[in-house]
Q: 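I'd like to ask you about the structure that follows.
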Amino acid sequence: MTQIPARDAERYALGTVGVSKNFGGVQALHRLSISIPRGQITCVIGPNGSGKSTLINILSGMLPLDSGMVIVDGEGLHVVHPYEMPDLGITRTFQDVRVFNQISVWDNIMVVLTRRKLLPALLERGKASQRERAEQALRDVGMWDKRNSLAEDLSYGQRKLLEMARAMALDASIYLFDEPFAGLFPQMLTRVKDIFKQLRARGKSILFITHNMDIVRELSDHLIVMDSGELLVEGDVDEVLARREVIEAYLGD
Amino acid sequence: MRHQEVVGGHYEVQNPVVNIVFGLVVAGVVAWALFEILYPRLRGRFSRRSIQGAVGLAGILAGLYTGLLLVYPDNLHLLFGPVAGLAVGVAVALALREGLVRVTSSEDGPMATLVPAIIGLAVGAGAAAYIADRPESGLYLSWAVSCLLAGCVGLGLYRGLYVTLRNRARSPLIMLVASMGILLAISATITIVFESAPRPLPPAFGSGPIEFGGGNIKGFNFFTVGVSLAGFAGLLWLLQRTSFGRSVRAIGDDEDVSKVVGINTTVVIAIVFFIGAAFAAMAGILSGHDTAIQPRMGLLLLLKGWIASVVGGIGNLYGALLGGFALGMVEQFGIWDLAGEWKDVISFVVLILFLSFWPKGVLPRK
Amino acid sequence: MTTRTGESTEAGQRLGLVGRLKNGNIELWANLIVLALVIGFVFWRGSGFAITIGTVFAIWAILTVSLNLVVGYTGLLSVGHIGFFGIGAYSVAILTSTTDYSLLRTQSIPTHEWPFFAALPVGIVLAGAVALVVGVVFNRFRDDVFVLVSFGFAIISFNLFLNAGAITRGAFGIHEVARPNIVGRTLDGELEYLIMALACLAIVSLVAWAIVTSSFGRVLTAIREDEQAAAVFGYRVTHYKLAIWVISAMMAAMAGGLFSSWTSFIDPNSFILLESILLVSIVILGGLATIWGSLLGAMTFVLLEEGMRFLPFIPDVYVGQARQVALGVLLVVLMLFRPQGLMGRYKL
Amino acid sequence: MAEERELQQSEQQAGPNGSDAGRFMLGMENVSVRYGAVAALEHASLGIREGEVVAVMGPNGAGKSTVLKAIMGLAPVAEGQVYWRDAPLTTATHEIVKHGIAFVPQGRRLFTHLTIEENLEMGCPYLRDKTERRRRMDTVMELFPILHDKRKDLASQMSGGQQQMLALGRGLMANPEVLLLDEPTLGLAPNIVASVFFNVSRISEELGTMIMVVEHNIKGVLDIVDRCYILDTGRVVFEGTPDDVRSTHILTEVFLGKVQPMDGEEE
């Protein structure tokens with residue numbers, strides 16, 4: 001390990017230093033150190049089982065880490081609780097689309113906007129400012145028409161968009177997207193790409209996982225290639241994709 | 001309004017509705033089971049409709065026979081004897097054939113079918129004659145009938161309800177709530193038909209007290225312990241040694257793959273339901289002979305069984321045995337010298353402690 | 001407003017009442033039938049009947065509304081709520097009972113002779129405290145394991161009522177539980193009591209309504225759907241679950257207090273496990289995650305027993321059992337075809 | 001190159017009785033599989049001929065595993081048909097293995113609470129004849145001696161590579177004519193991957209079993225197969241021999257996206 005670039009809080013929004021994670025003997029992440037540049041779109045690629053989703057789960061506090069630390073805005077954290085995420089300005093989507101199924105689209109958005117403490121939440125009945133933000137988030141992804149239907153009645157693509165709108169409503173500074181493009185129809189694909197570009201234009205940092213290389217080339221500024229829980233290559237997209245290890249990792253050796 | 005005289009004698013309850021319901025359940029179960037068994041084998045030779053017709057007829061006959069048994073419980077030994085004899089005969093014949101096949105290693109030889117058939121027939125006829133001779137054997141035959149009926153009801157519930165629910169259910173809670181519904185309905189129905197007051201079962205053998213180590217113990221209790229151990233050994237043998245048992249364990253591990261490798265999971269699970277219900281009925285009968293039967297005796301026992309399996313380690317048969325034994329000891333003696341009335345509390349405190357601190361149980365599945 | 005919602009309301013109006021009924025709107029049908037039955041029974045059996053039924057209904061309705069807050073809004077199927085009901089009932093009974101047990105020559109407990117309105121808050125707070133402790137222990141459980149441990153809670157509390165004879169008089173039960181007393185006037189009359197019970201129901205319903213329509217209620221539904229996702233968006237899931245659990249337990253205790261002073265005699269048999277299962281099935285019958293549905297479910301339950309009396313082939317003694325059979329069968333049918341209950345907003 | 005792909009596609013769309021190289025023993029014609037709104041497989045036609053080893057490759061989510069699931073009746077086939085020896089294969093899942101088609105699922109999916117011997121026996125639970133079962137088990141154990149040494153151990157106690165052998169062995173217990181392998185090397189260490197491929201080719205040579213293998217490790221699998229299909233987003237985009245694959249850029253194109261912009265070329 002030469003240096004820890006993630007400490008550079010000006011340039012990097014998020015990072016890990018030597019993070020390891022074991023699942024019952026299987027090493028999902030092994031001393032992984034990466035850094036995610038501020039205000040850019042970073043993409044993580046790698047073959048199946050290379051630990052990409054585990055990385056996002058650790059960054060969002062859903063999995064406790066065995067060793068190492070997560071660095072948010074230059075501050076190193078050893079223990080990350082999921083409920084601290086909004087305070088740290090991090091939000092995410094899930095690979096298996098986890099919207100709140102049996103409540104309405106509108107409530108799905110409103111949930112992330114309301115007060116977190118118990119008593120204020122008990123007395124709060126939805127402010128105009130919150131409603132405006134929810135409306136804005138729904139309009140951004142083009143789901144305003146659907147606001148009264150239950151989330152479980154939506155199509156797969158719509159639920160993905162809803163999940164994305166839910167993350168955007170939070171107005172975080174760092175967005176983690178787990179396979180946002182999987183299983184989408186072409187027009188949905190374009191819509192999600194637009195959302196990405198919009199977020200980048202607003203100066204947000206994005207980390208996402210995909211298997212679609214066309215999208216990697218089109219969208220991402222920074223590329224991280226993982227293999228068996230370790231960092232293979234990190235850097236500029238075209239540079240990385242031209243390297244042999246990447247192709248080897250994908251095609252086996 | 002409703003007196004002892006109305007519902008008949010103290011032990012025999014004659015309610016036409018109950019008899020008809022049991023008859024219908026048995027008819028349905030027999031028809032479904034026969035269809036599952038026969039259809040894949042006969043579909044080359046007969047049309048689906050004719051198989052269905054034959055199977056339906058067999059089911060109706062079985063239902064009528066069940067009704068007949070229930071209407072004339074006094075003549076149980078006469079009515080049920082031949083069937084019991086037939087079952088013994090078939091079992092003997094099958095066992096012999098298996099042995100002969102292994103010895104001669106020629107499956108379709110006439111010897112391998114004929115000799116066992118004749119011997120089986122003889123043994124079966126002997127068994128039938130023996131039972132038919134003794135009216136007092138009616139009680140023990142009624143155990144068999146009860147277990148079979150309970151098994152059929154269990155199987156009927158599985159086929160009629162659980163299969164449908166499993167296909168639709170989005171969470172385990174749906175099954176649980178449906179089970180609660182069944183529990184409510186059945187326990188109330190039993191109360192209506194048999195009244196809620198506890199009633200003793202007729203004396204079986206060994207009901208008199210035996211002097212044992214300074215205390216009085218009913219001989220029947222030894223029998224109960226014996227039957228439980230025998231039942232457990234039988235289950236163990238079934239699960240560990242037979243091909244059926246391996247299928248059951250395989251399904252417990254991974255149902256989808258079990259289908260892929262060629263296990264007919266529907267039928268295997270159905271048989272498990274049948275065996276489970278029959279075992280539960282036997283447990284009820286035995287504890288009924290020990291104390292008395294009443295409509296709500298089941299729920300708490302069932303919960304205790306659940307606790308035992310949690311304590312022992314879910315999915316581990318030895319664990320269940322160990323858990324049940326440990327729970328019984330703790331309840332009976334009370335580790336802190338508490339009186340017997342706190343035993344339920346002790347059980348559930350043990351459960352909550354285990355689930356909180358040791359959720360895998362004493363003998364976890366590897 | 002977009003055209004879409006405009007259209008749908010317009011279509012609803014065009015269909016009208018009859019049209020919507022023909023469309024198989026189960027919720028509307030259920031409402032109409034139950035309300036019609038209420039009116040029919042009241043006319044038939046007279047006002048005395050209405051008062052008794054109304055009081056029973058109010059007590060059950062408080063219970064179902066409180067349980068629905070837990071089952072419907074957090075998805076935790078609690079079968080142990082009867083325990084909190086019992087804590088409320090016993091607190092009020094012990095603190096207000098005026099019997100001199102020395103004459104009864106049975107096990108005696110000290111008499112405190114508190115007024116009802118002093119005893120009720122004690123019962124409510126006690127139930128809340130117990131719920132807090134129990135909730136901390138139970139918080140880690142979900143789904144079927146939660147059901148099992150909540151069974152455990154019901155059985156443990158029943159055994160406490162039965163066996164802690166020095167406090168509860170065990171199987172003898174407690175007699176002469178005091179009626180409420182407002183500014184020197186004891187509510188002895190049935191009608192007065194009904195009014196008070198309905199007032200309590202109204203308070204509970206209002207509180208429940210305020211909770212479920214607030215941000216808090218929305219977060220609860222989100223937690224019910226996906227605990228981890230709700231946590232990622234910044235909610236301390238355990239705190240929320242614990243809070244609603246305690247609130248719900250306090251409401252159940254309130255129902256218990258009303259119950260014991262209304263019947264003026266309680267014994268452990270009112271708090272058996274089967275009652276708890278009945279309670280869960282009423283909540284599911286009425287509908288999960290809807291307060292109106294819980295009221296409807298309680299009303300259906302109360303009316304079922306009366307309805308059963310008119311079936312000629314069921315002897316009077318067995319009406320309660322027949323109701324149980326009907327409820328059980330209904331529950332199975334609902335699980336097959338309508339897992340959210342009649343009016344529900346949440347499918348199990 | 002695009003033309004070449006077109007050609008390959010049109011050739012294999014001739015259906016199960018495609019012309020020159022003999023007809024498919026097991027094949028699917030025009031099969032679409034949809035999970036709700038998501039199409040996992042769209043109008044896919046592919047198959048396996050007598051004595052072949054065929055690979056199905058493609059990036060994540062291309063529908064590779066769905067091909068095998070559709071054959072085994074585990075996926076909702078919206079249209080099209082699976083053929084086995086010219087007849088449609090429509091039986092229930094648990095009956096399919098009796099036709100001589102065995103499936104080794106992704107991630108091994110052994111019965112972890114059963115011993116190795118019992119796991120092997122569960123490869124043919126319908127078989128009544130004990131001597132035949134014994135014979136098959138001996139064959140499998142001859143192929144993988146390690147299974148014989150550990151036959152009383154629980155399946156969960158074995159290493160990943162051994163578990164894969166057991167999974168293969170369980171499939172072989174059905175004495176299959178066709179073996180369907182779903183990602184046999186997934187999650188295995190690189191040195192074990194090679195031995196898995198070696199075992200697969202041994203099964204093909206020694207037992208003459210037809211094998212259809214779904215694989216993400218392309219380099220390794222190309223060495224052992226006779227023919228391969230490449231899927232992308234639910235469609236068959238390429239069919240050919242391993243040499244065809246190596247000589248074109250199809251792989252990098254499908255897996256890593258277009259290396260150089262080829263929009264003009266395609267239109």
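Protein chains get the first letters and strands the later ones, always in sequence-line order, with residue 1 at the start of each. Since we're looking at a predicted model, the values are computed, not measured. The basis for the numbers below is simple: all heavy atoms, side chains too, and nothing from hydrogens, waters or symmetry mates.
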Q: Taking side chain as everything from C-beta outward and backbone as N, CA, C, O, which of these in Ala243(C) sits under 4.5 Å from a heavy atom of chain A? Side chain, backbone, both or neither.
A: side chain
Q: Which of the residues Ile103(A), Val112(A), Leu118(A) is involved in the greatest number of heavy-atom pairs with chain C at under 4.5 angstrom?
A: Leu118(A)
Q: Please state whether the side chain, the backbone, both or neither of Glu152(A) comes within less than 4.5 Å of a heavy atom of chain C.
A: side chain
Q: Supply the atom-to-atom distance Phe216(C) CZ to Thr114(A) OG1, rounded to the nearest 0.5 angstrom.
A: 11.0 Å
Q: Between Leu170(A) and chain C, which part of the residue has a heavy atom less than 4.5 Å away: side chain, backbone, both or neither?
A: side chain
Q: Would you call Glu225(C)-Arg98(A) a salt bridge at under 4.0 Å N-O?
A: no
Q: Specify which of Ile223(C), Thr213(C), Val219(C) makes the most heavy-atom pairs with chain A at under 4.5 Å.
A: Thr213(C)
Q: Given the options Asp87(A), Asn101(A), Leu122(A), which has more heavy-atom pairs under 4.5 Å with chain C than any of the others?
A: Leu122(A)
Q: Short question: side chain of Tyr235(C), backbone of Val111(A) - any donor-acceptor pair under 3.5 Å?
A: yes
Q: Considering only heavy atoms from C-beta outward, does the side chain of Thr221(C) approach that of Phe100(A) to under 4.5 Å?
A: no
Q: Can any side-chain N or O of Arg116(A) pair as donor or acceptor with the backbone N or O of Phe233(C) at less than 3.5 Å?
A: yes
Q: Would the distance check show the side chain of Glu124(A) and the main-chain N or O of Ser214(C) forming a donor-acceptor pair, the cut-off being under 3.5 Å?
A: no
Q: How close do Ala210(C) and Arg125(A) get, heavy atom to heavy atom, and via which atoms?
A: O-NH1, 3.5 Å
Q: Any idea which of Arg92(A), Met110(A), Met62(A) has the most non-hydrogen atom pairs under 4.5 angstrom with chain C?
A: Met110(A)
Q: Contact part of Arg224(C) toward chain A, heavy-atom cut-off under 4.5 Å: side chain, backbone, both or neither?
A: side chain
Q: Contact part of Ala230(C) toward chain A, heavy-atom cut-off under 4.5 Å: side chain, backbone, both or neither?
A: both
Q: If we only count heavy atoms from C-beta on, is the Gln102(A) to Arg345(C) side-chain gap below 4.5 Å?
A: no
Q: For Arg115(A), which atoms come within 4.5 Å of any heavy atom of chain C: side chain, backbone, both, or neither?
A: backbone
